[in-house]
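Nothing here was measured: the structure is a model prediction, and the numbers come from that model.
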Amino acid sequence: MTYTLKLPEVGETVTEGTIEKWLKQPGDEIQKYEPIVEINTDKVNVELPSPVSGTVAEILVQEGETVPIGAALCTINEVAGETAAEIAPPTPTEAPTGAPAEEPAKEPVAASSRANSLPADRGAAAGNGRGAPNRATPRVRKVAEELGVDLAQITGSGPRGRVVEEDVRALAKSGAATAFAERPARAAAPKSPTPAADDEVVAVSGIRRTIAQRMSASAFTAPHAWLVVEADVTDLVRLRSAQKVAFRERHGVDLTYLPFAAHAVAQALLGHPYLNATWADDPDGAGAKIILKKRVNLGVAVATERGLLVPVVQNAERLSVTGLALAMAELGEKARTNKLQLDDVQNGTFTLDNTGAFGSIVSMPIINLGQAAIISLEAITKRPTVVGDDAIAVRSKVNLCLSFDHRILDGHQAGAFLGDVKARMEAFGPDSGLE
């Protein structure tokens, strides 16, 4: 019996994945749950396990190709009597008794926070002018533009209504395409630079390509606004200095300033729900809505040799400083060793960036697409400060920089949240508990 392995659902807002590496080849034996292919989705490489035992028969998608959810990846000749294991994304952690359980929001495709191309994120195929919730890859959109086809006219025949190239060519052949016929020709794209003889040309990796697409989509989709406040963390510096050796001995990880910032951010978000939210356009283009998240799933940016990754601390609002330190240390290690799993990167609601680790004192981070804001913890530096009676003292200061989506909230809401985070950072002191 032949089993067809398909790209499984990996989250409501993930629409496609890129085949990074086949771990098995035709003719190779494969055991149930043994990794068979490495897939890049949402800026992370994930090993997809085989649902059955058997022999790899045929590979249907080559390395480097991007395919939609539900696409057939390969076929496997099953062992007789084998029952396929279900491959499904992990479910969110249940809320404890008495805590509100968040119902996953059915965000429309038009507002997909993880689509890998700007036009799809903005509600429809590029330039259709109708707000139709079509799905199409960049290649299909290019073919549609070349043939003068309006994707809004097409009912996609691909998985989950995706418009595929055959749909476009069929409409163009029928003579019914009218989308671009009356429009002025678009200006030609700038000519790609030609490398000089002594230049080094570096191929773009799947992660780098995803970062480029998502950052571009966020920058051009969400109107970014920016605020910065300065916090006096002199007492926090004293607390960490007094606790870091014992903390390392007890828990086996370093006590950095990041879990303190994460704790301050997670607790502040509970009182400022519009910072822990997402913007969603209605699928019919008639309006929009703001979805307020009840859980704080805190994305923490991690720099790796392969690129920037953002693993997620689920339910961060329930964790102590120690709990956050341990969770972030584990996720950071998994990110750097390429061992992140799908549930490690899903369902983020807000992002914390530790740019201060590189010596930065002010930055303007780009919002993680689909979230309302991102905050950066800058470097802690000693600065002369005017204190009581106009005296000058040396204090440890840090800048907290916030980028926010001006569609979702205004400056007074962002400022109130940032002030809350500042107050919580300044409240840490030598007597503060970590548990």
Side-chain angles (χ1 to χ4, degrees), residues 1-94 114 116 158-160 162 203 205-211 302 304-307 309-314 327 329-348:
M1 183 176 180
T2 300
Y3 178 85
T4 300
L5 176 66
K6 298 180 179 180
L7 184 62
E9 284 274 3
V10 292
E12 291 179 6
T13 57
V14 178
T15 62
E16 59 191 10
T18 300
I19 304 302
E20 289 291 319
K21 182 180 180 181
W22 281 102
L23 306 177
K24 296 289 183 178
Q25 297 297 323
D28 290 349
E29 293 185 357
I30 183 80
Q31 301 298 317
K32 180 187 282 190
Y33 303 121
E34 184 180 3
I36 186 171
V37 62
E38 191 175 277
I39 299 171
N40 175 261
T41 176
D42 194 27
K43 299 194 300 183
V44 63
N45 283 7
V46 178
E47 291 182 347
L48 183 65
S50 173
V52 298
S53 297
T55 303
V56 178
E58 182 181 7
I59 289 177
L60 305 175
V61 181
Q62 300 305 309
E63 293 179 359
E65 288 190 50
T66 299
V67 293
I69 299 300
L73 303 180
C74 73
T75 57
I76 302 171
N77 292 329
E78 297 181 59
V79 172
E82 182 77 20
T83 301
E86 180 181 0
I87 298 179
T91 55
T93 305
E94 285 189 358
R114 301 192 186 278
N116 284 336
R160 301 174 70 193
R162 178 178 289 276
S205 67
I207 289 180
R208 186 77 260 154
R209 183 170 58 250
T210 302
I211 292 173
V302 178
T304 73
E305 292 182 357
R306 296 175 294 116
L309 303 177
V310 187
V312 177
V313 179
Q314 307 288 338
E330 179 183 1
L331 289 171
E333 178 64 19
K334 291 171 75 173
R336 285 183 285 271
T337 57
N338 197 25
K339 294 182 179 178
L340 288 172
Q341 300 299 312
L342 286 175
D343 55 345
D344 293 326
V345 297
Q346 289 182 318
N347 305 319

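Using modelled atom types, one side-chain atom of Trp22 and one backbone atom of Val61 make a donor-acceptor pair closer than 3.5 Å. Between the Ser50 side chain and the Val52 main chain, a donor and an acceptor come within less than 3.5 Å of each other.
In this structure, the side chains of Ile30 and Thr55 stay at 4.5 Å or more apart for every pair of heavy atoms. Contact of the Ile59 side chain with the Pro26 side chain is registered, since non-hydrogen atoms from C-beta on lie closer than 4.5 Å. Side-chain contact between Lys334 and Asp344 is present, with heavy atoms from C-beta onward closer than 4.5 Å.
In this structure, OH on Tyr3 lies 12.0 Å from OG on Ser53, to the nearest 0.5 angstrom. Taken from CD in Glu333 to NZ in Lys339, the straight-line distance is 7.5 Å, to the nearest 0.5 Å.
In this structure, Val302 and Ala335 approach most closely via the heavy-atom pair CG1-CB, 4.0 Å. Taking all atoms of both residues into account, the shortest heavy-atom contact from Asn347 to Gln314 is CB-OE1, 4.3 Å. Between Ala72 and Lys6, the shortest heavy-atom distance links the atoms CA-CG, 4.0 Å. Closest approach of Leu340 to Pro311, counting heavy atoms only: CD2-CB, 4.0 Å. The two atoms that bring Pro51 and Leu5 nearest to each other are CD-CD1, 3.7 Å, heavy atoms only. Between Val313 and Ala327, the shortest heavy-atom distance links the atoms CG1-CB, 4.1 Å.
In terms of the side chain to side chain donor-acceptor pair (under 3.5 Å) criterion, Thr337 has no residue partners (sequence neighbours excluded). Here Pro35 pairs with Leu23, Glu47 under the side chain to side chain contact (heavy atoms under 4.5 Å, CB included) rule; sequence neighbours left out.
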Working for side chain to side chain contact (heavy atoms under 4.5 Å, CB included), residues Ile76 and Ile36 = CA-CA 11 Å; Ile76 302 171; Ile36 186 171; 3.9 Å; yes
Using side chain to side chain contact (heavy atoms under 4.5 Å, CB included), reason through Val67 and Leu73 one step at a time and then give a plain yes or no.
CA-CA 9 Å; Val67 293; Leu73 303 180; 4.0 Å; yes
Let me see the working for Thr304 and Leu309 under side chain to side chain contact (heavy atoms under 4.5 Å, CB included), right down to the final yes or no.
-> CA-CA 7 Å; Thr304 73; Leu309 303 177; 4.0 Å; yes
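The salt bridge (Lys or Arg N to Asp or Glu O under 4.0 Å) analysis of residues 50-68, with sequence neighbours excluded, yields no pairs. The salt bridge (Lys or Arg N to Asp or Glu O under 4.0 Å) contacts involving residues 21-31 comprise Lys24-Glu34, where partners must be two or more places apart or lie in separate chains.
For the residue pair Thr75 / Thr4, no side-chain donor-acceptor distance below 3.5 Å is found, with atom types taken as modelled. At a cut-off of 3.5 Å, with distance as the only test, a side-chain donor of Thr2 or Asn77 sits close to an acceptor on the other residue.
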